[in-house]
There are 2 protein chains.
Amino acid sequence: MSEPFDTHLQELRRGTVVLACLQLLRTPGYGYALLEQLERRGFATDANTLYPLLRRLEKQGFLTSEWNTEDSRPRKFYVTSEQGLGLAEILRQEWRALASAIASLHETSTGPSTDEEH
Amino acid sequence: MSEPFDTHLQELRRGTVVLACLQLLRTPGYGYALLEQLERRGFATDANTLYPLLRRLEKQGFLTSEWNTEDSRPRKFYVTSEQGLGLAEILRQEWRALASAIASLHETSTGPSTDEEH
DNA sequence: ACACCATAGTGTGTGAGGCACAGTGTTGTC
DNA sequence: GACAACACTGTGCCTCACACACTATGGTGT
């Protein structure tokens with residue numbers, strides 16, 4: 001019954017997963033392990049969302065990847081690129097801006113029609 | 001050249017616009033004015049994004065609307081519904097959770113491989 | 001009087017992203 | 001030798017953001 005609820009929650013989480021990945025992949029890591037890290041850290045993400053996201057971020061140049069075939073199991077290791085670090089920084093700034101915008105929403109919420117200058 | 005940059009920024013902003021609308025429309029308001037309010041408050045939003053969003057939120061029961069035809073210009077006034085207030089509260093909680101998750105990301109970012117228990 | 005911009009909204013189409021589902025192959029365990 | 005956990009790829013559907021096109025009215029300048 002509350003599908004829209006979940007949808008909006010998901011929308012709120014969207015961009016944060018990107019930021020989390022860029023941050024966590026400053027030290028190399030592969031998809032499956034990252035998935036568990038994200039979950040532990042409060043960014044619950046579907047595998048079917050994360051894998052395409054990683055490929056997309058690589059295609060856009062924010063991550064670089066490399067297959068590790070030395071270990072028992074072949075794993076694709078991703079690392080945040082120079083450009084990715086830049087994006088992470090910008091996203092962090094935007095996050096701070098949004099956080100303060102949201103905080104100020106509540107303060108002024110009791111002052112309804114104080115804006116009549118156009 | 002930086003289209004992906006903007007895309008990711010947009011993604012980060014996504015859910016916050018919903019929260020802002022639900023909060024601001026506790027006192028009735030119409031689309032065009034809301035657009036200016038959002039911009040002033042740091043939630044820059046395209047008109048072609050906001051109008052569909054308002055209709056969507058109404059269809060989902062988070063807003064109710066009413067045409068005002070008494071004034072010079074016909075305007076569609078929206079108000080946050082009971083259900084909308086509930087959603088806003090949940091989104092606020094999620095926002096706080098995400099904020100602390102992101103904050104803790106940076107603290108531990110210098111400890112690379114401290115997670116080897118599955 | 002007429003052009004023109006700001007206001008206020010609707011409708012259509014496209015492209016990107018989330019995620020369900022399906023599939024491939026490997027490693028370890030009982 | 002079956003079966004779950006691991007690790008990843010590929011396809012398809014649905015929703016959302018946004019560009020574009022459109023309708024219609026009020027106010028301002030000339």
Side-chain angles (χ1 to χ4, degrees), chain A residues 3-21 25 28-39 43-60 62-63 65-78 115-118, chain B residues 2-21 28-39 43-60 62-63 65-78 115-118:
Chain A
E3 316 95 31
F5 254 74
D6 296 335
T7 302
H8 290 294
L9 274 174
Q10 189 51 44
E11 301 247 309
L12 196 61
R13 283 190 272 256
R14 290 267 288 246
T16 64
V17 178
V18 174
L19 178 51
C21 288
L25 291 177
Y30 61 96
Y32 200 89
L34 184 59
L35 204 60
E36 295 178 328
Q37 269 188 67
L38 287 171
E39 190 165 11
F43 303 94
T45 308
D46 194 290
N48 295 310
T49 298
L50 183 64
Y51 284 121
L53 173 62
L54 292 175
R55 290 179 229 151
R56 200 160 56 244
L57 287 175
E58 186 186 12
K59 204 171 63 182
Q60 296 172 344
F62 300 120
L63 297 178
S65 76
E66 193 177 335
W67 279 97
N68 179 335
T69 47
E70 295 166 11
D71 288 353
S72 57
R73 210 184 281 264
R75 298 196 259 235
K76 199 176 186 178
F77 275 76
Y78 290 93
D115 37 306
E116 296 308 322
E117 359 79 22
H118 2 249
Chain B
S2 54
E3 317 92 35
F5 255 75
D6 296 336
T7 302
H8 290 295
L9 275 174
Q10 189 50 45
E11 300 248 310
L12 194 63
R13 283 191 272 258
R14 288 268 287 245
T16 64
V17 178
V18 173
L19 178 51
C21 287
Y30 60 97
Y32 199 88
L34 184 60
L35 204 59
E36 295 180 327
Q37 270 187 66
L38 287 172
E39 191 165 10
F43 302 94
T45 309
D46 194 288
N48 294 310
T49 298
L50 184 63
Y51 284 122
L53 173 62
L54 292 175
R55 290 178 227 152
R56 200 159 55 244
L57 288 175
E58 184 186 12
K59 203 172 65 183
Q60 295 172 343
F62 299 120
L63 298 178
S65 77
E66 193 177 335
W67 278 96
N68 177 335
T69 47
E70 294 165 11
D71 287 352
S72 56
R73 213 185 279 263
R75 296 197 261 235
K76 198 175 185 177
F77 276 77
Y78 290 93
D115 37 307
E116 295 308 321
E117 1 79 23
H118 338 260

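Computed from a predicted model, the values in this text were never measured in an experiment. Here is how names work: the chains are called A, B, and so on, in the same order as the sequence lines, proteins then strands, and each is numbered from 1.
A:Y32 places its OH atom 8 Å from the P atom of D:dA5, with the value rounded to the nearest Å. Look at CG on A:L50: it is 14 Å from C1' on D:dT9, rounded to the nearest Å. Distance, B:D71 CG to C:dG9 P: 12 Å, rounded to whole Å. The interatomic distance linking A:D46 (CG) with D:dC13 (C1') rounds to 15 Å, in whole Å. Here C:dT7 presents its P atom at 10 Å from CG of B:L35, a figure rounded to the nearest Å. To the nearest angstrom, P of C:dC19 lies 13 Å from CG of A:L38. Put simply, CG on B:N68 is 10 Å from P on C:dG9, counting in whole angstrom units. In this entry the distance linking CG of A:D6 with P of D:dC16 reads 13 Å, nearest Å.
Between the side chain of A:N68 and the backbone N or O of A:E70, at least one donor-acceptor pair lies under 3.5 Å.
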Quick test: give all pairs of protein nitrogen or oxygen and nucleotides 24-27 of chain D nitrogen or oxygen below 3.5 Å, distance rounded to 0.1 Å.
{"residue": "D:dT25", "atom": "O2", "partner": "B:R73", "partner atom": "NH1", "Å": "2.7"}
{"residue": "D:dG26", "atom": "O4'", "partner": "B:R73", "partner atom": "NH2", "Å": "2.9"}

If you restrict it to nitrogen or oxygen atoms, what contacts under 3.5 Å exist between nucleotides 11-18 of chain C and the protein, and what is each distance?
{"residue": "C:dG18", "atom": "OP2", "partner": "A:R56", "partner atom": "NH2", "Å": "2.5"}

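In this structure, A:R13 and A:T45 have side chains that are not in contact, with every pair of non-hydrogen atoms separated by 4.5 Å or more.
Going from atom CG of B:L54 over to atom CG of B:L63 covers 6.5 Å, rounded to the nearest 0.5 Å.
Considering all non-hydrogen atoms of both residues, A:A20 and A:L38 come closest at CB-CD2, 3.7 Å. Taking every heavy atom of both residues into account, A:L34 and A:C21 meet most closely at CD2-SG, 3.9 Å. The heavy-atom pair separating A:T16 from B:L12 by the smallest distance is N-CD1, 3.8 Å.
Contact check, A:Y51 against D:dT9: no side-chain N or O comes under 4.0 Å of OP1 or OP2.
For B:F62 and B:Y78, the ring centers are positioned 6.0 Å apart or more.
The side-chain contact (heavy atoms from CB on, under 4.5 Å) search around A:A47 returns A:L35, A:Y51, not counting sequence neighbours.
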Check: Run the side-chain contact (heavy atoms from CB on, under 4.5 Å) check on B:E39 and B:E36 step by step: do they pass?
Finding: CA-CA 5 Å; B:E39 191 165 10; B:E36 295 180 327; 5.6 Å; no
